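Hydrogens, waters and symmetry mates play no part in the numbers below; they use all other heavy atoms, side chains included. All figures in this text were calculated on a predicted structure; none of them were measured in a lab.
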Amino acid sequence: MLFGDEHVRRYEETDGVEGHDWQEGVPALVLTTTGRKTGQERKFALIYQEIDGKHVIVASKGGAEQHPGWYFNLLEHPEVKVQVKADKYTARARTAEGEERAKLWPLMAKVWPDYDEYQKKTDREIPVVVLDRV
């Protein structure tokens with residue numbers, strides 16, 4: 001199983017042949033954000049689902065009290081790059097709210113049930129992020 005920078009590297013080198021199917025039934029994409037402090041590109045392999053034609057990710061950080069760094073990056077710089085297999089595109093990231101989040105959360109927890117456990121571990125509402133292709 002691939003993790004971190006090695007996951008991103010192999011994914012990019014193979015257009016997702018290695019790394020897209022992170023675990024059985026659990027797909028991953030590569031998200032590239034702009035560092036809010038450094039201004040440099042930062043890449044992350046993240047679990048996703050395609051829902052209503054859009055890619056959706058979750059800023060869980062395993063239920064930690066703080067959001068993951070990549071989430072803070074996209075709040076500061078919402079234009080991101082996305083790679084799903086060989087498909088590479090620019091997107092505008094936004095946090096799902098209200099009814100949209102209520103619809104998306106169980107769909108994401110279906111692919112990665114640990115999200116429900118992560119939410120129980122923290123007082124923060126774990127963000128669900130929609131990547132709108134631009």
So do [Y] and [X] actually touch side chain to side chain, heavy atoms under 4.5 Å?
{"X": "Tyr48", "Y": "Val58", "answer": "no"}
{"X": "Arg94", "Y": "Pro78", "answer": "no"}
{"X": "Arg9", "Y": "Asp5", "answer": "no"}

What's the spacing between [X] [atom1] and [Y] [atom2] if we round to 0.5 Å?
{"X": "Arg92", "Y": "Leu74", "atom1": "CZ", "atom2": "CG", "result": "11.0 Å"}
{"X": "Asp15", "Y": "Asp87", "atom1": "CG", "atom2": "CG", "result": "10.0 Å"}
{"X": "Thr32", "Y": "Asn73", "atom1": "OG1", "atom2": "CG", "result": "11.0 Å"}
{"X": "Arg42", "Y": "Leu31", "atom1": "CZ", "atom2": "CG", "result": "13.0 Å"}
{"X": "His7", "Y": "Lys43", "atom1": "NE2", "atom2": "NZ", "result": "13.5 Å"}

Exercise: identify the closest heavy-atom pair between [X] and [Y]:
{"X": "Val84", "Y": "Tyr11", "result": "CA-OH, 3.5 Å"}
{"X": "Ser60", "Y": "Ile126", "result": "CA-CG2, 3.6 Å"}
{"X": "Ala28", "Y": "Gly19", "result": "CB-O, 3.6 Å"}
{"X": "Gly62", "Y": "Lys121", "result": "O-NZ, 2.9 Å"}
{"X": "Thr34", "Y": "Gly39", "result": "CG2-O, 3.6 Å"}
{"X": "Leu104", "Y": "Ala96", "result": "CD1-CB, 3.9 Å"}

- Can Glu41 and Lys81 be said to form a salt bridge (charged side-chain N to carboxylate O under 4.0 Å, His left out), step by step? CA-CA 10 Å; Glu41 285 191 345; Lys81 295 177 188 171; 2.6 Å; yes

In residues 106-113, what donor-acceptor pairs under 3.5 Å come from side-chain atoms, sequence neighbours left out?
from	atom 1	to	atom 2	distance (Å)
Trp112	NE1	Tyr118	OH	3.4

Going hydrophobic residue to hydrophobic residue with side-chain gaps under 4.5 angstrom, can you get from [X] over to [Y]?
{"X": "Ile47", "Y": "Val30", "answer": "no"}
{"X": "Val17", "Y": "Leu29", "answer": "no"}
{"X": "Trp105", "Y": "Val26", "answer": "yes"}
{"X": "Ile57", "Y": "Val80", "answer": "yes"}
{"X": "Val128", "Y": "Phe72", "answer": "no"}

- Query: Are Glu76 and Lys37 close enough for a salt bridge, meaning some N to O gap below 4.0 Å?
  - Reply: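 No, no charged N to carboxylate O under 4.0 Å.
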
- Lys103 vs Glu100, salt bridge (charged side-chain N to carboxylate O under 4.0 Å, His left out): CA-CA, chis, key distance, verdict: CA-CA 5 Å; Lys103 173 190 164 194; Glu100 182 183 35; over 6 Å; no

- Verify whether the ring centers belonging to Tyr89 and His55 lie closer than 6.0 Å.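 That pair passes the under 6.0 Å test.
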
- Examine the side chains of Tyr71 and Thr95 and answer whether a donor and an acceptor come within less than 3.5 Å of each other. yes

- Would you please say whether a donor-acceptor pair under 3.5 Å links the side chains of Arg124 and His67?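 Side chains of Arg124 and His67: pair found under 3.5 Å.
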
- Take Thr90 and Glu79 through the test side-chain contact (heavy atoms from CB on, under 4.5 Å) and record every step on the way to the result. CA-CA 7 Å; Thr90 301; Glu79 189 167 295; 3.5 Å; yes

- Message: Per the salt bridge (Lys or Arg N to Asp or Glu O under 4.0 Å) rule, what does the pair list look like for residues 54-65, sequence neighbours excluded?
- Response: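 Only Lys54-Asp132 qualify under salt bridge (Lys or Arg N to Asp or Glu O under 4.0 Å).
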
- Spell out, as yes or no, whether a donor-acceptor pair under 3.5 Å connects the side chain of Trp22 to the backbone of Leu2. yes

- Task: Return yes if some donor-acceptor pair links the side-chain N/O of Thr38 with the main-chain N/O of Gln40 below 3.5 Å, else return no.
- Result: yes

- Item | Arg10: partners by salt bridge (Lys or Arg N to Asp or Glu O under 4.0 Å), with sequence neighbours left out | Glu6, Glu18

